[in-house]
> 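This is the structure I have questions about; it appears just below.
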Amino acid sequence: MNQWNHQARKALKGAKQSNDFFDIQVFEDKNFPIKIPLEYAQLIDKTNPNDPLLRQVLPQNKKNSSSYSAEPLSDEDNSPVGGLIHKYKNRVLLIASQVCAIHCQYCFRQNFNYAQHDALSNWPQIERYINDDTNINEVILSGGDPLSLSDDKLAKLVRLIETIKHIDTLRIHTRSAVVMPSRITSELAKLLNSSRLKVIMVFHVNHAQELSDDFVQQIKQLKNLTLLNQAVLLKGVNDKVACLKSLSLALIKLNILPYYLHMLDKVSGAEDYFVEDEIALSLHQQLQTELSGYLVPKLVRDSNQKSKTWLSAIQKQKL
Ligand code: SF4
């Protein structure tokens with residue numbers, strides 16, 4: 001068994017293991033099962049009950065708010081073929097895996113029905129769909145987390161995508177690489193560095209404290225890739241200018257460009273993480289005054305969830 005598989009098996013699962021590890025009694029088993037890789041758990045300050053990393057894995061109490069739902073993005077409505085989501089003209093998203101190294105308690109896909117959505121099992125239909133639409137030039141691997149696949153399965157999927165002539169870009173969205181850096185194996189680096197596709201890796205880092213020494217070392221292997229970051233704006237985690245600023249500055253030192261800052265997708269159970277629109281827009285404006293433009297991530301939210309405040313900010317071109 002390789003090191004990352006071993007790490008994946010050792011992840012803390014459930015309230016009892018988590019309470020025992022952190023020597024606290026704050027974890028409770030709720031809707032979305034607790035899962036915390038040890039590489040991530042070790043970055044949490046056990047003496048700080050408000051640690052921003054702890055907060056992301058600590059199940060919250062559900063509120064009965066009508067604007068929250070089990071599946072806020074209606075992914076199923078945009079899935080013409082199992083395992084493929086097509087929302088924008090030039091790109092499709094593939095559900096490469098239903099597994100994640102970590103369970104982020106704000107995750108918008110925590111109730112997603114993965115049963116019919118495995119990209120490898122549905123490949124013949126997916127291939128036909130992409131072949132028939134030459135507008136598509138980019139394939140995005142998502143999940144779950146695509147790096148939960150073994151190197152062999154991931155190589156198979158990448159090779160299959162490479163056979164489609166009009167695809168020139170492969171984008172991989174991953175949080176596993178950050179929360180479990182041992183997942184960036186030399187085999188994985190070799191596969192991605194040698195692809196005929198332009199490979200873009202989008203890390204999901206929400207806080208500078210998540211950038212471990214191991215992560216810094218491991219990503220050095222990804223020599224031929226473009227590295228971007230996408231964070232989620234989360235109350236009590238990163239909703240301060242100083243915090244977002246230090247994240248951008250830490251990322252750029254690693255040659256990772258801060259790309260997106262996402263508003264929370266309103267999934268039931270994640271209400272406590274929501275940052276109000278006015279606060280988000282104000283934070284973003286302050287960031288623009290304190291950082292060079294390339295360090296200010298684009299503030300975005302899903303098109304289903306745009307409020308009046310949001311739309312008026314767009315009209316005034318604040319975004
Ligand atoms: S890694 Fe991504 S898909 Fe997985 S639980 Fe976290 S937010 Fe959800």
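As the structure lists them, so they are numbered: ligands from 1, and atoms in each ligand from 1.
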> Kindly determine whether Lys89 and Asp133 satisfy salt bridge (charged side-chain N to carboxylate O under 4.0 Å, His left out), including the steps that lead there.
CA-CA 9 Å; Lys89 194 172 169 183; Asp133 187 347; over 6 Å; no

> Between Asp51 and Lys46, is the closest basic N to carboxylate O distance under 4.0 Å?
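No, this pair does not count.
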
> Give the total of protein N/O/S atoms at a distance below 2.8 Å from atom 8 (Fe) of ligand 1.
1

> Once the angle between the rings of Phe112 and His117 is folded into 0 to 90°, is it parallel (under 30°), tilted (30 to 60°) or perpendicular (over 60°)?
tilted

> Who are the side chain to side chain donor-acceptor pair (under 3.5 Å) partners of Ser282, not counting sequence neighbours?
Gln286

> If you count every heavy atom of other residues, nucleotides or ligands that lies below 6.0 Å from Gln116 atom CD, does the total exceed 12?
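Incorrect, the count does not exceed 12.
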
> For a salt bridge (charged side-chain N to carboxylate O under 4.0 Å, His left out) check, start with the C-alpha distance between Arg183 and Asp145, then their side-chain angles and the critical distance, and finish with the verdict.
CA-CA 11 Å; Arg183 176 61 192 94; Asp145 196 309; over 6 Å; no

> Does some non-hydrogen atom of the protein lie less than 4.0 angstrom from atom 8 (Fe) of ligand 1?
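Yes.
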
